S.K.: 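Below you'll find the structure I mean.
FYI, side chains are in, hydrogens and waters are out, and symmetry mates aren't considered; it's all heavy atoms of this structure. The structure presented is a predicted model; accordingly, all values stated were derived computationally and were not measured.
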Amino acid sequence: MRFTIQRDKLINGVQDVMKAISSKTVVPILTGMKMEVRKHGVTLTGSDSDISIESYIPAEDEGKVNVENIEEGTIVLQAKYFPEIVRKLPESQVDIDVDEQFNVKITSGKSEFNLNGQNADEYPLLPQVETENSFEMPIDLLKNMIKQTVFAVSTMETRPILTGVNIKLENQKLVFTATDSHRLAKREIPIPDANMTIEQVVVPGKSLNELSKILNDSEETIEISVTNNQVLFRTKHLNFLSRLLDGNYPETSRLIPDHSKTTIQIKTTPLLRSIERASLLAKEERNNVVKFTNNDDALIEISSNSPEVGNVEEQVTADKVDGENLKISFSSKYMIDALKAIEYDEVIIEFTGAMRPFIIRPIEDDSILQLILPVRTY
């Protein structure tokens with residue numbers, strides 16, 4: 001096996017598949033990176049059994065030659081060393097030559113490396129996902145949905161199902177929901193061309209975070225396919241395969257209040273900055289608690305108190321306040337995460353009482369919802 005490849009294309013492909021390779025895998029060969037060379041291009045594969053990533057580098061793309069002098073073959077490379085070698089090679093082209101004993105020679109300019117490879121026949125076959133039952137959506141929208149929900153997944157393995165994002169597609173409406181049982185993040189969008197239903201799948205938060213990092217903004221759409229225990233995200237140059245989490249995701253719709261006693265319309269950034277400042281003195285306290293108080297006027301008081309450190313109080317002006325006066329405490333971290341995820345200039349916060357969950361929405365977009373449970377401070 002041998003070929004010549006553009007170094008920048010190789011670096012990009014290697015960086016993508018490295019996100020699926022772990023040194024702690026129980027299958028030793030999975031600590032390596034599989035490389036398959038065919039006349040039409042080079043496919044790199046990395047997997048840790050939970051996530052598998054294939055990155056494809058076409059021999060020619062839009063009239064530009066990426067790979068040439070091709071003799072077909074496959075090899076498994078040492079992922080501990082190969083990426084660093086490629087990154088530090090001196091020239092824009094790289095020659096890779098593999099002999100029958102799986103010795104790999106990597107040449108660029110006057111630099112030459114020799115690595116021991118492994119037989120690719122020993123590399124496990126990736127699960128096959130049927131792509132007939134699939135739908136497409138814009139990449140930027142998918143990345144946005146991930147960003148607006150994945151932060152709310154649980155980091156505790158006591159309830160593994162909550163470490164993932166629940167994905168549902170019904171009546172041409174795609175819904176992402178994440179909760180750690182103390183907060184909830186939800187985003188929904190229409191998928192007008194989707195002629196299928198996904199009743200409920202739960203994708204690990206870790207998988208979605210990695211997917212979001214490697215998706216190329218220049219590619220417009222992504223195809224999503226689901227089977228019993230796998231989900232495949234596919235673009236022109238990337239296959240991202242993740243296992244699904246087993247178990248029943250809790251029915252979250254009953255958590256969302258259907259009425260409110262106090263409604264506050266307020267600009268996002270001043271509120272966010274105020275809570276960030278209040279949280280500076282709440283770091284030592286459990287949950288980083290801040291207090292939120294409104295009286296008869298439009299002034300909202302944000303405060304926190306730490307007996308060992310001190311206290312802080314400040315006021316933020318709301319644009320509009322309707323309903324009862326309120327005093328409520330909540331985790332500053334949860335509120336900061338929620339306000340950052342919303343990405344709108346103005347929000348509506350709907351309260352149903354001091355010990356009931358409250359919701360935050362952008363003022364002009366009902367498709368985004370953040371819910372937070374308050375903290376008892378007395």
Side-chain angles (χ1 to χ4, degrees), residues 16 20 43 45 47 49-56 125-150 152-153 160-179 184-256 341 365-369:
D16 285 350
T43 302
T45 304
S47 178
S49 298
D50 287 339
I51 299 174
S52 302
I53 300 172
E54 287 183 341
S55 180
Y56 177 62
L125 290 173
L126 299 188
Q128 295 301 304
V129 174
E130 296 295 327
T131 55
E132 286 82 24
N133 208 16
S134 61
F135 66 96
E136 284 193 11
M137 66 181 293
I139 281 180
D140 58 349
L141 204 47
L142 174 63
K143 289 177 77 166
N144 229 3
M145 290 185 80
I146 293 170
K147 182 182 175 186
Q148 289 169 339
T149 54
V150 75
V153 302
I161 197 74
L162 296 186
T163 63
V165 175
N166 184 42
I167 298 177
K168 191 182 275 190
L169 176 63
E170 215 169 33
N171 302 322
Q172 299 183 317
K173 186 170 72 174
L174 180 67
V175 183
F176 278 31
T177 307
T179 182
L184 177 143
K186 184 178 176 184
R187 174 78 201 270
E188 58 185 56
I189 61 157
I191 306 281
D193 300 327
N195 299 313
M196 58 178 288
T197 297
I198 299 172
E199 288 185 7
Q200 175 182 286
V201 296
V202 184
V203 184
K206 178 194 168 197
S207 300
L208 291 174
N209 272 323
E210 296 299 351
L211 174 67
S212 188
K213 285 177 197 167
I214 66 176
L215 280 178
N216 191 336
D217 291 329
S218 65
E219 295 192 54
E220 292 180 2
T221 60
I222 187 164
E223 183 185 57
I224 303 173
S225 311
V226 175
T227 58
N228 292 336
N229 58 357
Q230 300 279 338
V231 58
L232 172 65
F233 299 89
R234 186 164 70 170
T235 70
K236 187 176 169 188
H237 297 129
L238 185 80
N239 281 352
F240 186 103
L241 190 66
S242 171
R243 72 176 177 91
L244 298 173
L245 293 175
D246 290 327
N248 293 317
Y249 201 81
E251 179 51 63
T252 55
S253 58
R254 59 188 174 77
L255 290 172
I256 299 168
D365 190 349
D366 279 348
S367 73
I368 302 169
L369 179 144

S.K.: Before you tell me yes or no, could you show the steps for Asn216 and His237 under side chain to side chain contact (heavy atoms under 4.5 Å, CB included), namely the whole-Å CA-CA distance, both residues' side-chain angles and the distance that decides it to 0.1 Å?
M.R.: CA-CA 9 Å; Asn216 191 336; His237 297 129; over 6 Å; no
S.K.: Where is the tightest heavy-atom contact between Thr163 and Pro160, given as atom of each residue plus distance?
M.R.: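 Of all heavy-atom pairs spanning Thr163 and Pro160, the closest is OG1-O, 2.6 Å.
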S.K.: Would you say that Asn239 contacts Phe233 through its side chain, given a criterion of any heavy-atom pair below 4.5 Å between the two side chains?
M.R.: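 The answer is no; the side chains never approach within 4.5 Å.
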S.K.: Please assess Thr179 against Tyr249 for the test side chain to side chain contact (heavy atoms under 4.5 Å, CB included), listing each intermediate value before the final yes or no.
M.R.: CA-CA 10 Å; Thr179 182; Tyr249 201 81; 3.4 Å; yes
S.K.: To the nearest 0.5 Å, what is the distance between CD1 (Ile167) and CG (Leu208)?
M.R.: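 Separation between the atoms: 5.5 Å.
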S.K.: Less than 4.5 Å apart, any side-chain heavy atom of Leu244 and any of Thr227?
M.R.: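 Counting from C-beta outward, Leu244 and Thr227 never come under 4.5 Å.
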S.K.: Heavy atoms only: give me the nearest Pro204-Arg243 pair and the separation to one decimal.
M.R.: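 Result for this residue pair: CD-O, 3.2 Å.
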S.K.: Walk me through it: do Ile189 and Met137 pass the test side chain to side chain contact (heavy atoms under 4.5 Å, CB included)?
M.R.: CA-CA 10 Å; Ile189 61 157; Met137 66 181 293; 3.5 Å; yes
S.K.: Drop me the distance from Ile53's CD1 to Leu126's CG, to the nearest 0.5 angstrom.
M.R.: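 It comes to 11.0 Å.
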S.K.: Can Glu136 and Ser134 be counted as having a side-chain donor-acceptor contact under 3.5 angstrom?
M.R.: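 Absent: no donor and acceptor within the cut-off.
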S.K.: Under a 4.5 Å cut-off applied to non-hydrogen side-chain atoms, are Leu184 and Thr177 in contact?
M.R.: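 Yes, close enough: below the 4.5 Å cut-off.
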S.K.: Please give me the minimum heavy-atom distance between Ile51 and Ala20, naming the atom from each residue.
M.R.: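 Result for this residue pair: O-CB, 3.7 Å.
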S.K.: Using a 6.0 Å cut-off, check whether atom NZ of Lys147 has over 12 heavy atoms from anything other than its own residue.
M.R.: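 Counting other residues, nucleotides and ligands, NZ of Lys147 stays at 12 neighbours or fewer.
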S.K.: Give, for atom CD1 of Ile222 and atom CG of Leu211, the distance between the pair rounded to the nearest 0.5 Å.
M.R.: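 Ile222 CD1 to Leu211 CG: 5.0 Å, rounded to 0.5 Å.
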S.K.: Given Glu54, which partner from the list Thr43, Leu241, Asp16 fulfils the side-chain contact (heavy atoms from CB on, under 4.5 Å) test?
M.R.: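 Only one option passes, and that is Thr43.
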S.K.: Can you check whether Val226 reaches Met196 side chain to side chain, under 4.5 Å on heavy atoms?
M.R.: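 Val226 vs Met196: side chains apart.
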S.K.: Has Gln200 got a side-chain atom pairing as donor or acceptor with Val202's backbone, closer than 3.5 angstrom?
M.R.: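 No, Gln200 side chain to Val202 backbone: no donor-acceptor pair under 3.5 Å.
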S.K.: side-chain contact (heavy atoms from CB on, under 4.5 Å) with Phe176: which of Asn144, Asn166, Ile146?
M.R.: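 Going through Asn144, Asn166, Ile146 one by one, the side-chain contact (heavy atoms from CB on, under 4.5 Å) with Phe176 is satisfied by Ile146 alone.
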S.K.: Taking all non-hydrogen atoms of both residues into account, name the closest pair between Thr221 and Thr235 and its distance.
M.R.: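 Smallest heavy-atom distance, with atoms named: O-CG2, 4.1 Å.
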S.K.: Could you tell me if the side chain of Leu232 sits less than 4.5 Å from the side chain of Pro127, heavy atoms only?
M.R.: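 Not touching, per the 4.5 Å side-chain cut-off.
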S.K.: At what distance, to the nearest 0.5 angstrom, does OG1 of Thr197 lie from CD of Glu170?
M.R.: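 So the OG1 of Thr197 and the CD of Glu170 are separated by 6.0 Å.
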S.K.: List the atom of Leu141, the atom of Arg187, and the distance in Å for their closest heavy-atom pair.
M.R.: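 It is CD1-NH2, 4.1 Å.
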S.K.: Which salt bridge (charged side-chain N to carboxylate O under 4.0 Å, His left out) pairs, counting each pair once, include a residue from residues 188-211, with sequence neighbours left out?
M.R.: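 Listed once each, the pairs are Asp48-Lys206, Lys173-Glu188, Glu210-Lys213.
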S.K.: Please report the interatomic distance CD1(Ile368) to OG1(Thr149), rounded to the nearest 0.5 Å.
M.R.: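 Rounded to the nearest 0.5 Å, the CD1-OG1 separation comes to 10.5 Å.
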S.K.: To check you understand the geometry: which heavy-atom pair defines the closest contact between Ala185 and Gln148, and what is its length?
M.R.: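 The pair with the smallest heavy-atom distance is CB-O, 3.4 Å.
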S.K.: The criterion is ring-ring contact (aromatic ring centres under 6.0 Å, His included); which residues satisfy it with Phe135, sequence neighbours excluded?
M.R.: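 Testing Phe135 for ring-ring contact (aromatic ring centres under 6.0 Å, His included), a comparison that skips the adjacent residues, returns none.
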S.K.: Between CD1 of Ile224 and CG of Leu169, what distance do you get to the nearest 0.5 Å?
M.R.: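 If I round to the nearest 0.5 Å, the distance is 9.0 Å.
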